[in-house]
**Q** 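Have a look at this one.
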Amino acid sequence: MIMKRILFLCTGNSARSQLAEAIMRDMAGDEYMVMSAGMRPEGVDPRVYEVLDHMKISSDHLKSVTAESYQDQHFDVVITLCDKASNECELFTDSDALIHWDFKDPKQQAGSESFFETAEQLKSKIALFLLLNGEQTSPTIGPVELFKIMSDPLRLRILMLIEDEYALSVSDLTKVLEVSQPKVSRHLALLRDAGILNDHREGQWIYYHFPTSLPKWITHVLATVRNGNSAMINQEKIRLMQLKDRRKPQLSKSHTFSGLSEKYQHHLAKKELQNRN
């Protein structure tokens, strides 16, 4: 496997970028080759070693170097950690991705507390980066296409309902959304063709759900929208609970469900266990 190359860039390469380099190297393992540099290197601040030692993260090979020493090298990702460094990114314009994370300089405060805070913030940021970038991106849909799809109110409500319910039939969606079946089917077909939804059949019933191949960045966006707008589908949820003789998806022993998302497979397995008890 070819390791991706990532560079953290800040002004002095003495605190933020050194912490980021060590933490990323520790969390990413052999997935990334991690380096850091500064526009005007100042040497590694001793408090960096204190924090990393407390976190049990190796500080081996940390050194303060100038960004110009890397300007002839190609990086998959360059992440700037301060505005000054962001303004000087022309050194790495051939990089595949230029990202800016704005962190306050912990050196401006006395003591080590600000260094510990910066390290924890970097750890959270890096964890999310690795979660969302640790797989091949979908060849079918990108951010522009996803947000175009979600800009339609009906499609957005369909996605939010499936985010909550794991899988829903055309009949369920038609009733709770209070729109015609052809209209619902048309939007479901669009979502399926875009790679956001899959369908599976149980007898005469067809259920729609998120596929296991859905990139994590998309599932993260959908979950964030749902959690941040909790009242969006209140009326639809009420109508769903009021449906009589609603047929919920069953875990068929003759079906492997290999195309189902991990979340939905867990839901079905839990249901089967409850039914047995």
Side-chain angles (χ1 to χ4, degrees), residues 1-86 88-89 91-92 95-137 215-217 219-220 223-224:
M1 181 181 68
I2 299 177
M3 294 177 67
K4 294 182 179 180
R5 292 165 54 85
I6 186 167
L7 176 68
F8 288 101
L9 197 63
C10 68
T11 303
N13 192 212
S14 59
R16 291 162 290 190
S17 54
Q18 296 288 350
L19 289 169
E21 177 184 348
I23 294 170
M24 170 67 92
R25 189 179 290 137
D26 181 73
M27 296 178 68
D30 59 0
E31 187 175 348
Y32 285 93
M33 180 180 294
V34 189
M35 287 160 275
S36 68
M39 309 312 298
R40 290 176 290 281
E42 301 173 0
V44 183
D45 191 292
R47 289 168 288 185
V48 168
Y49 298 110
E50 177 188 350
V51 170
L52 294 176
D53 182 64
H54 179 80
M55 298 174 72
K56 301 187 184 311
I57 293 176
S58 173
S59 59
D60 293 347
H61 311 300
L62 292 183
K63 59 181 180 179
S64 187
V65 300
T66 175
E68 292 180 352
S69 63
Y70 291 133
Q71 65 178 333
D72 295 327
Q73 299 187 34
H74 174 79
F75 291 94
D76 296 283
V77 183
V78 174
I79 300 178
T80 55
L81 300 173
C82 65
D83 288 335
K84 289 182 180 179
S86 179
E88 300 185 51
C89 262
L91 288 174
F92 305 100
S95 300
D96 295 341
L98 298 173
I99 301 173
H100 180 56
W101 297 347
D102 191 21
F103 282 83
K104 293 181 180 179
D105 187 355
K107 294 185 300 179
Q108 294 179 354
Q109 299 183 40
S112 302
E113 183 178 352
S114 60
F115 277 74
F116 280 98
E117 291 176 355
T118 299
E120 287 300 324
Q121 292 168 4
L122 281 166
K123 187 176 179 180
S124 298
K125 199 84 169 178
I126 289 169
L128 182 59
F129 175 88
L130 292 173
L131 172 67
L132 301 181
N133 292 276
E135 59 181 20
Q136 294 294 322
T137 56
K216 286 187 174 64
W217 71 266
T219 63
H220 186 78
T224 300

**Q** Is the shortest heavy-atom distance from the side chain of H74 to the side chain of R5 under 4.5 Å?
**A** no
**Q** Checking side-chain polar atoms at under 3.5 Å, does E21 have a donor or acceptor matched by the opposite partner on S36?
**A** yes
**Q** Nearest 0.5 angstrom please: M27 CE to L122 CG, how far?
**A** 10.5 Å
**Q** Mind running side chain to side chain contact (heavy atoms under 4.5 Å, CB included) on T80 and F92 for me, showing each step along the way?
**A** CA-CA 11 Å; T80 55; F92 305 100; over 6 Å; no
**Q** With sequence neighbours left out, what residues match R47 under salt bridge (charged side-chain N to carboxylate O under 4.0 Å, His left out)?
**A** D45
**Q** Does the R16 side chain pair with the main chain of F103, one donor and one acceptor, at a distance under 3.5 Å?
**A** yes
**Q** Would you say D76 and I6 make side-chain contact, with heavy atoms under 4.5 Å?
**A** no
**Q** Tell me if the CD atom of Q71 is crowded by more than 12 foreign heavy atoms within 6.0 Å.
**A** yes
**Q** Run the salt bridge (charged side-chain N to carboxylate O under 4.0 Å, His left out) test against E120 and tell me which residues pass, sequence neighbours left out.
**A** none
**Q** About how many Å separate CD1 of I57 and CG of D26, when rounded to the nearest 0.5 Å?
**A** 4.5 Å
**Q** Would V65 and M35 satisfy side chain to side chain contact (heavy atoms under 4.5 Å, CB included), going step by step from the backbone distance to the final call?
**A** CA-CA 10 Å; V65 300; M35 287 160 275; over 6 Å; no
**Q** Taking the side chain as everything from C-beta on, heavy atoms only, tell me whether Q73 gets closer than 4.5 Å to L7.
**A** no
**Q** Test of understanding: with side-chain hydrogen bond (donor to acceptor under 3.5 Å, both in side chains), list the residues that count as partners of K123, not counting sequence neighbours.
**A** none
**Q** Within the distance-only criterion (no hydrogens, no angle test), does the side chain of Q18 pair as donor or acceptor with the backbone N or O of N13 below 3.5 angstrom?
**A** yes
**Q** Starting from the C-alpha separation in whole Å, work towards a yes-or-no answer on side chain to side chain contact (heavy atoms under 4.5 Å, CB included) for F115 and E50.
**A** CA-CA 9 Å; F115 277 74; E50 177 188 350; over 6 Å; no
**Q** Going by the angle between their ring planes, with limits at 30° and 60°, are Y70 and F75 parallel, tilted or perpendicular?
**A** perpendicular
